[in-house]
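Predicted model only: the values in this text are computed from it and were never measured. Start at 1 and go down the list; that is how both ligands and their atoms are numbered.
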Amino acid sequence: MTATPTAGLTFPVTPSAVPVSEECRAEILAAPGFGKHFTDHMAVATWTVDAGWHDAAVVPYGPLQLDPAAAVLHYAQEVFEGLKAYRHADGSVWTFRPEANAARMARSARRLALPEVDEATFLEAITQLIRADEAWVPTGGESSLYLRPFMVATEAFLGVRAAREVKFLVIASPAGSYFPGGVKPVSIWLSQNYTRAAFGGTGSAKCGGNYAASLVAQTEAAEHGCDQVCFLDAGERKYVEELGGMNLYFVHDDGSIVTPELTGTILEGITRDSIVQLAKDLGHEVSERRVSIDEWREGVASGRITEVFACGTAAAVTPVGRLVSADGELVHGGGAAGEVTMAIRGKLLDLQYGRAEDTHGWLRRIV
Ligand SMILES: *Cc1c(COP(=O)(O)O)cnc(C)c1O
């Protein structure tokens, strides 16, 4: 990149003249669902080759004006992040390891030939947005304010090269409990027709293109009555990688836990990383190594694998009840949520919601 990232932009707030009414907001927060409603403001900053990052602000939420030739619309030069703000029982609002999201966004940006947003600017953008829209942070249950930082190539140019004009934005959306009726195991479709990521590709970058490429597999999963897709490695179609947007864990009969190792084609989930630590805190032996689909099948058949779960910011920890493929179906733990899965889930949520001591220094107070 030609311009060096500008350290620590500030985000002055222009309050919305037409915020959502209190009654209307209360109605939304009573049943927010996921990703359907958006707060009154958004954070935005612009980058150009010549000026670097500038024009940072929190402004009223609203549509973007994009030139139809904007590079992102043609060549998908885009990266994003996902994290949550949690309201604690005393009313305070906290984020969980936002520095890790900032670092990952910088890595994703490098892979997509986008400029980096430095950590201080990333943290300031989410902090000012959450403070401006604090009333949108729900209370109770496993609700939260979901934050979506993202970066798009806005330069109007159809030539193929890294864009010279880019926007960084953060939007926020209230999210209800992922499992309003209690934790329910998901069923997973094993994708044997499609892969998600190959060596040298963009698998370890959080970019929209990876999701675009996974949608047809997701449709196939739905056609087979499954909630999520599991992808295998693109080289040998043998090793388990991850789901479309969640990392995987295997629990063994001796209490040891395994998650597929990061080989460059797996997204480095912050929840995944946190669970490596939390499971160790709970006394589990945790290893990161390759897990083949045969090991998964044989492990369940022999009773060596007792539980399987998926993890990510949106759902925290999700038990996997079934693995379905063209070759048949595997059921874990009678299709019910496992004990170890639920203990790890509880430990993570207790930390995020301030019900347990933050021994790793992962929480950052915003309000
Ligand atoms: C975001 C994402 C995850 C989960 O990451 P978290 O930081 O835990 O939310 C896992 N896999 C993919 C492909 C993702 O995009």
Undergrad: Partners of Asp358 by side-chain hydrogen bond (donor to acceptor under 3.5 Å, both in side chains), sequence neighbours excluded?
TA: none
Undergrad: With sequence neighbours left out, which residue pairs that include part of residues 306-319 fulfil the side chain to side chain donor-acceptor pair (under 3.5 Å) condition?
TA: Glu307-Thr341
Undergrad: Aromatic contact between Tyr86 and Trp94, with the criterion being ring centroids under 6.0 Å apart: yes or no?
TA: no
Undergrad: Would you say the side chains of Glu165 and Thr48 form a donor-acceptor pair under 3.5 Å?
TA: no
Undergrad: Under the side-chain hydrogen bond (donor to acceptor under 3.5 Å, both in side chains) rule, collect the residues that match up with Tyr61, sequence neighbours excluded.
TA: none
Undergrad: Taking any residue with a non-hydrogen atom under 4.0 angstrom from an atom of ligand 1, which ones do you get?
TA: Arg104, Arg196, Lys206, Tyr211, Glu242, Gly244, Gly245, Met246, Asn247, Leu267, Gly269, Ile270, Thr271, Gly312, Thr313
Undergrad: Between Arg345 and Phe179, is there a side-chain heavy-atom distance shorter than 4.5 Å?
TA: yes
